[in-house]
**Q** 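Once you've had a glance at the structure underneath, I'll fire off some questions.
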Amino acid sequence: MGEAERISYDKAIEELRLQEYPMLQGTTYLDHAGTTLYAKSLIDRFSADMISNLYGNPHSASNSSQLTTRRVEDIRLRLLSLFNADPAEFDVVFVANATAGIKLVMDAFRDHEEGYWYGYHRDAHTSLIGVRESAASHRCFASDAEVNKWIEEGGRGVIRPSLFAYPAQSNMNGRRLPLNWSRRIRTNKQGPVYTLLDAAAFVSTSPLDLSDSESAPDFTVLSLYKMFGFPDLGALIVRQASSSVFDKRRYFGGGTVEMVVCLTEQWHAKKSDSLHERLEDGTLPIHSIMALDTAMSVHQELYTSLEQVSRHTAFLAARLFQELSELRHGNGSSVCQVYKGATSVYGDSRTQGPIVAFNLRNQCGGWVSNAEVEKVAAVKSFQLRTGGLCNPGGVASSLGLAPWEMRENFSAGQRCGNDNDIIRAKPTGMIRVSLGAMSTLHDVTSFVDFVREFFVQETPPLMALPVTSSYIEPPTPCRLHVESLSIYPIKSCAAYSVPPGKAWEVRREGLAWDREWCLVHQGTGAALSQKRYPKMTLIRPSIDMEEGLLHVRLAGCLRDTTFGNEITIPLSADPRMFSNEAIYKVANAKVCGDAIRAKTYRSSEISSFFSQALGVACHLARFPAVGSGSGSLASSRHTKPHLQKSSTGSMHIPGAFPDTKPLIPGTTVSKPILLSNESPILTISRSSLNRINELIKAEGGKAAQAEVFRANIVVAENPRYPPGAEQPYAEDDWRYVQIGQQYFEMLGPCRRCQMVCVDQHTAERNQEPFVTLSKTRRFDGRVYFGEHTCHLPMDDPASPLVQNPTISVGDSVRPYLDDGVDEDPILSALVT
Ligand SMILES: *Cc1c(COP(=O)(O)O)cnc(C)c1O
């Protein structure tokens, strides 16, 4: 749309708005006069009421008290009529906020002798989810379809009182849920199943019709301040026919009892006249209730009705959604990832409310930090919300976060509202923009302009980083590729082979999940190693990302040493699983001479599984992930400085010429690792192994498996290259390698010990390959095979290659010698 068109379009909209809201004549659409007018009218009228009337505490005979009682009764009626609710069929209970209304319903169910069953929808607000903690049993419904199926099944087996709760509108993305569930549950279910509708988000921009009490929810909660801005008040609307649920509520307080007797005889008589009298504990917030009356009047005068507000906001939201969705970077990639319900249609108020939830991407496809967006938005006076939005189920499913990832993120220090909001290349929260009666088209267009101004990138970045996998094709085919990737989830136990095609994350500490766990001796706290316990190789861990589990199976002669031969451990580091006191014991644990701090699992089932398998009393322990909260960095181990290739001058010497610069500040001398012995990643070459095995076989020995070297990356000659073109030990001279799109630094050769003689399939000890290695690969009295390696993260924090660096089996491998660095502009930029 051109500028001229847009202005005439905006004019037309403005006329439309004046038809919708005649009281706004004289204000202009393109400023906030409407909001100001509303706020001023409301507060002026409320203060006039307060100045001219004296309202006393209800329940006494004075005029002021009687005035209060009368007005409160009128306001109750008025609020009910706003929802077409007949006072003969519904009662309204004033509460502090929607959450307080939910808790009142929860109290009543909790006080049933047999307990209660609680079901809630995944899109529920945190305040609804918390109810489950007092239920005897509970279920989270993952989709509307699951709810429909459950309703159709007709409630066989419902014995306990049951409560099903859901939001009429998701407070996360504004999706509107079916309003007919209450009626269908009432007609289909045979048992006592009640419904609690959380209308807190819904009614702020939509009418709610309770005229048919047969199809109405039993309990409806509202946040009145979300409808009117002021006063701070909530309401619980109860269907009279369902009010007997509250007979079981045990608590009573001032205002809700007729008589209480203490001391020797202890009885009380609850009020029985009306439901609200029984449920409104303590003094009512009477002045807030008066203000509600004023708010309803002013709102109606300015905005006419909730139907009108619904039309207005639906129109604005459709426009906001469309414009955000259409934003593109200069390279054509989209800017906003909007999270919308599958069946939601913006502009259709039955399926979608006026809320847009989204995240921003940069032109490389990486995520923009929400904390950053929020900071700029605050400066520009946009009131938006970011983070988990008090809607854990909805946010997790929209962002594709598995429960273990959420726990893992929590363990890694992520909290609602902190800056650490992109973890493992996924945002941990979202941005939410909500529109209300007071919002204007100008709000919408200026917000879109704001996103365009600050977050749309028109020109490509200066240094062309390899941004997408299709973009970077190596100029010449590589002779080397990644033959296999292995990780050792439990130190000294068997390898887990990364499945071909699976992109595996490389972290600063090494490949994801490598040496994350270890076994520690119950007496000494020392980490167990294959050197002493060769059977550890028959303990076979595997990582199941979908389920979020570490599976550990026993193989060979360890089978049948324990019941079941298998155990599963959650990948998430749930703090409740770890014992506290044992941290100190393990603080003395020794991994190759360095003190480590790992946390031991408190489960006796886990300890006895490993103890019985190995015949040594041990605990499973987990190394706290780097960056997990405070203090853990100090305990992480570092690569040993002797690995640095001194010839390349990787230590920074001020004033030296040519000036040498640390690759990554603070990491040149030592790089963090988990429990692997010396460096983050170990790389070996298939050609070198073939050379060793030729020699072993020539002497009549048994060829060594690649696994005995406990490498993470096995690099092999590409099968397209003719055999015989192998270059064994070429890796001795590599300074850097590029694997796929990631760069790595070679830290130096790996010293070998007799551990390479443990057959990784049978746990038997051999002589080879150590004998042959020591004949052919000994330098200065030490035996070397394989190369220590560490990942070189790229600088640009916006690139997805930086946010989620991964490598895969089959990736091409391009080595660089010292003098070859300049051939690659990205590498030379990384290291100089
Ligand atoms: C705001 C909100 C709540 C919580 O309301 P309070 O008035 O803060 O207790 C619950 N559910 C939904 C859907 C909400 O939008």
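The structure displayed is predicted, hence computed values, not measured ones. What you see below is based on every heavy atom in this structure, not just the backbone, and it leaves out hydrogens, waters and symmetry mates. One is the number of the first residue; the rest follow in order along the sequence. Every number for a ligand or one of its atoms is a count from 1 in the order of the listing.
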**Q** Only pairs at least two apart or in different chains count here, so list each side-chain hydrogen bond (donor to acceptor under 3.5 Å, both in side chains) that has a residue in residues 222-239.
**A**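 Matches after skipping sequence neighbours: E214-R239, D218-R239, R239-S242.
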
**Q** Using the ring pair (Phe, Tyr, Trp, His ring centres under 6.0 Å) rule, take F90 and F83 through it: C-alpha gap first, then chi angles, then the decisive distance, then the call.
**A** CA-CA 10 Å; F90 293 91; F83 303 110; 9.9 Å; no

**Q** Step through the shown structure and confirm whether more than 12 heavy atoms of other residues, nucleotides or ligands are within 6.0 Å of CZ on R78.
**A** yes

**Q** Identify the heavy atoms of P217 and R186 that sit nearest to each other, and give their distance.
**A** C-NH2, 3.9 Å

**Q** Run the side-chain hydrogen bond (donor to acceptor under 3.5 Å, both in side chains) test against T205 and tell me which residues pass, sequence neighbours left out.
**A** R176

**Q** Among residues at least two apart in sequence or on other chains, which ones pass side-chain contact (heavy atoms from CB on, under 4.5 Å) with A168?
**A** L179, L197, F202

**Q** Contact residues of ligand 1 with a heavy-atom cut-off of under 4.0 Å?
**A** N97, A98, T99, H125, Q169, N171, D198, A200, A201, S223, Y225, K226

